[in-house]
Amino acid sequence: MATERTLSIIKPDATKRNLTGKINAKFEEAGLTIVAQKRIHLTKAQAGEFYKVHAERPFYDELCEFMASAPVVVQVLEGDNAIAKNREVMGATNPADAAPGTIRAEFAESVGENSVHGSDAAETAAEEIAYFFAGIEIVG
Ligand code: RTP
Ligand code: MG
């Protein structure tokens with residue numbers, strides 16, 4: 001298996017409820033190592049740039065408002081198959097469809113306010129990590 005890195009965001013609904021530690025425990029229990037992490041407060045423009053792939057979707061404006069509504073914790077997770085493994089630990093986008101034990105099943109409030117983001121492919125992971133972190137901040 002290949003060691004990969006993926007970009008994770010603990011979203012405003014989760015930081016507001018002090019769930020960072022519980023969510024990080026889920027990552028670590030799954031064998032993912034947090035090799036970089038910082039708490040930031042995105043502007044709506046920064047959230048919009050990050051999620052620009054969704055610019056034409058009906059939920060885009062609401063998503064950008066939400067992501068800028070409170071601090072987030074951005075992090076780089078590393079491990080075997082980290083991109084797919086993280087998506088598995090996160091669970092489905094809509095918490096109603098998320099498998100038991102996943103972060104979204106346990107913590108998400110709705111399809112929009114769903115506690116975590118995770119990169120969906122190797123190319124997006126590399127782009128998203130570079131959006132938030134300099135190489136010197138990632139300590140594997
Ligand atoms: P993410 O990018 O945040 O990891 O989530 P995802 O891949 O599971 O889902 P995606 O389709 O990429 O959607 C990005 C985020 O947009 C919000 N969303 N709201 N109201 C809605 O119907 C709706 N659909 C998506 C969610 O915050 C979702 O995670
Ligand atoms: Mg996505």
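Only heavy atoms go into these numbers, but all of them, side chains included; no hydrogens, no water, no symmetry mates. Just follow the structure's listing: the first ligand is 1, and inside any ligand the first atom is 1.
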Only heavy atoms of Met90, strictly under 4.0 Å: list the atoms of ligand 1 that pass. 4 (O)
List ligand 1 atoms under 4.0 Å from Gly118, heavy atoms only on the residue side. 4 (O)
Donor-acceptor check, side chain of [X] to backbone of [Y], threshold 3.5 angstrom: yes or no?
X      : Y      : answer
Arg87  : Ile83  : no
Arg104 : Gly91  : yes
Asp13  : Ser115 : yes

Option set Gly112, Ala98, Ala108, Cys64, criterion heavy-atom distance to atom 27 (O) of ligand 1, minimum: Gly112
Give the contacting part of [X] toward ligand 1: side chain, backbone, both or neither, where contact means a heavy-atom distance below 4.0 Å.
X      : answer
Val111 : both
Met67  : neither
Glu128 : neither
Phe66  : neither

Using distance alone, determine whether [X] and ligand 1 share an N or O pair under 3.5 Å.
X      : result
His54  : yes
Glu62  : no
Glu113 : no
Phe59  : no

How far is [atom] from its nearest protein heavy atom, and which residue and atom is that?
atom                    : value
atom 5 (O) of ligand 1  : Arg104 NH2, 3.2 Å
atom 2 (O) of ligand 1  : His117 ND1, 3.0 Å
atom 7 (O) of ligand 1  : Arg87 NH1, 3.0 Å
atom 3 (O) of ligand 1  : Tyr51 OH, 2.7 Å
atom 28 (C) of ligand 1 : Asn114 ND2, 3.6 Å
atom 9 (O) of ligand 1  : Thr93 OG1, 3.4 Å
atom 17 (C) of ligand 1 : Leu63 CD1, 3.8 Å

Between [Y] and [X], does any NZ, NE, NH1 or NH2 come within less than 4.0 Å of an OD or OE carboxylate oxygen?
X     : Y      : answer
Lys11 : Glu113 : no
Glu4  : Lys85  : no
Lys38 : Glu137 : yes

Before you tell me yes or no, could you show the steps for Glu29 and Val89 under side-chain contact (heavy atoms from CB on, under 4.5 Å), namely the whole-Å CA-CA distance, both residues' side-chain angles and the distance that decides it to 0.1 Å? CA-CA 10 Å; Glu29 281 160 14; Val89 176; over 6 Å; no
Verdict with reasoning, Phe133 to Val74, per side-chain contact (heavy atoms from CB on, under 4.5 Å): CA-CA 9 Å; Phe133 292 97; Val74 293; 3.7 Å; yes
Do Lys26 and Glu106 pass the side-chain contact (heavy atoms from CB on, under 4.5 Å) test, and can you show the C-alpha distance, the side-chain angles, and the key distance before you say yes or no? CA-CA 11 Å; Lys26 294 270 193 196; Glu106 288 196 14; 2.9 Å; yes
Ile10 side, atom CD1; Lys16 side, atom NZ - distance, nearest 0.5 Å: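 These two atoms lie 15.0 Å from each other.
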Using 30° and 60° as the class limits, which term best fits the ring planes of Phe50 and Tyr131: parallel, tilted or perpendicular? tilted
